[in-house]
Amino acid sequence: MALALAEAPAASIALDVEGVSHRYELDGKELKVLDNVSLTIAPGEFVALLGPSGCGKSTLLRLAAGLETPTTGRVLEDGRPVTAPNPDRILVFQDATLFPWRTVRGNIATGLEARGLIREREYRIDEVLELVKLEGFADFYPHQLSGGMAQRAALARALVNDPKLLLLDEPFGKLDSLTRLRMQNELLDLWKSAGFTALLVTHDVEEALLLADRVIVLSDRPAAIVAEVRVDRPHPRRRDDASLIALRRSLLETLGIAHDV
Ligand SMILES: Nc1ncnc2c1ncn2[C@@H]1O[C@H](COP(=O)(O)OP(=O)(O)OP(=O)(O)O)[C@@H](O)[C@H]1O
Ligand SMILES: [Mg+2]
């Protein structure tokens with residue numbers, strides 16, 4: 001038994017962002033986006049990133065996914081440099097849209113098809129459909145889904161690849177508040193059962209505090225880390241938990257947002 005466990009592939013990876021600065025070149029002008037960002041995320045940890053619009057949050061996720069290479073500094077997974085995208089590290093994009101011409105099942109199948117794994121792992125599609133509670137909707141097309149269902153299908157499309165690092169870019173931004181609450185709980189359940197490392201970008205301080213082990217606040221562009229708080233509260237968390245309210249207050253202050261709680 002111990003041997004089998006030792007041989008099983010790890011469900012999560014450690015992510016190290018080491019002294020990363022990043023610049024974009026636009027019309028011959030340089031745009032400095034990240035300024036010496038260093039961040040270590042332990043295997044299986046859930047980290048939330050907060051920061052003003054346009055500061056570089058999505059850029060940081062793209063670097064972690066291997067979709068871009070930092071201008072300076074390094075991104076490491078389990079100590080090895082990240083040089084290219086890999087299905088172990090999946091990014092759910094800020095404006096994740098499903099392919100309108102494919103059913104929910106077809107959308108979820110795309111990653112496996114691209115990797116030539118569809119025959120071998122087709123059973124995973126049904127498993128992830130069940131995980132995101134869409135088992136009755138496999139043959140629906142995207143236009144036949146509600147916003148929350150589409151978001152769950154996008155999550156399933158990521159999960160079918162069994163990512164060890166799940167990078168989520170404001171995944172619930174467009175959902176109504178009730179669906180959002182439900183999706184937050186579902187994401188937590190998925191994280192607990194699958195065991196992946198999670199890095200979530202959100203604009204919502206409360207969402208960060210309800211979900212993450214650690215919340216990191218970035219400054220205006222070029223983004224630097226300006227605060228980091230550990231959220232040492234067990235799940236399920238209550239939003240009226242006094243320690244979360246205190247953390248919320250200090251995070252909002254760091255973000256320069258007035259508050260009345
Ligand atoms: N490919 C690119 N080429 C040039 N500039 C880019 C590119 N991608 C992003 N930028 C610029 O980099 C800055 C940071 O963008 P990024 O998308 O990382 O911000 P963000 O923090 O995710 O913002 P938001 O909260 O609004 O999603 C912005 O000024 C943006 O215009
Ligand atoms: Mg963004």
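The analysis underlying the following values was restricted to heavy atoms, covering all of them including side chains, and did not include hydrogens, waters or symmetry mates. When a ligand or atom number is given, it counts from 1 through the structure's own listing order.
A donor-acceptor pair is defined here as one N or O able to donate and one able to accept, closer than 3.5 Å; such a pair exists between the side chain of Thr71 and the backbone of Arg23. Distance alone, capped at 3.5 Å, is enough to place a donor-acceptor pair between the Thr197 side chain and the Ile13 backbone. A donor-acceptor distance shorter than 3.5 angstrom exists from the side chain of Asn107 to the backbone of Arg102, with no hydrogens or angles considered.
Of the protein's heavy atoms, Ser58 CB, 3.5 Å lies nearest to atom 17 (O) of ligand 1. At the shortest separation from atom 26 (O) of ligand 1 among protein heavy atoms lies Ser53 OG, 2.6 Å. Looking from atom 13 (C) of ligand 1 to the surrounding protein, the closest heavy atom is Gly54 O, 3.6 Å. Given atom 27 (O) of ligand 1, the protein heavy atom at minimum distance is Gln94 NE2, 2.8 Å. Of all protein heavy atoms, the one lying nearest to atom 8 (N) of ligand 1 is Arg62 NH2, 3.3 Å. Atom 1 (N) of ligand 1 has Tyr24 CE2, 3.7 Å as its closest protein atom, hydrogens excluded (heavy atom only). In terms of protein heavy atoms, atom 11 (C) of ligand 1 is closest to Leu31 CD2, 3.5 Å.
Between Asp126 and Arg105 there is a salt bridge, since at least one side-chain N of the basic residue sits less than 4.0 Å from a carboxylate O of the acidic one. Salt-bridge check for Glu77 with Lys164: failed, with every basic side-chain N at 4.0 Å or more from each acidic carboxylate O.
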>> Applying side chain to side chain donor-acceptor pair (under 3.5 Å) to Asp16 and Thr40, what does each step give before you reach the verdict?
In response: CA-CA 5 Å; Asp16 282 300; Thr40 295; 2.8 Å; yes

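Inclusion of Ser58 in the first shell of the Mg ion (ligand 2) is supported: an N, O or S atom falls under 2.8 Å.
Those atoms of ligand 1 with a heavy atom of His203 less than 4.0 angstrom away are 25 (O).
For atom 16 (P) of ligand 1, the choice among Thr59, Leu63, Leu26 with the nearest heavy atom turns out to be Thr59.
Contact annotation for Glu25 and ligand 1: no heavy atom of the residue comes within less than 4.0 Å of the ligand.
Ligand 1 has Cys55 within reach: a non-hydrogen atom of the residue lies less than 4.0 Å from it.
Ring planes of Tyr141 and His143: parallel class, angle under 30° (limits at 30 and 60°).
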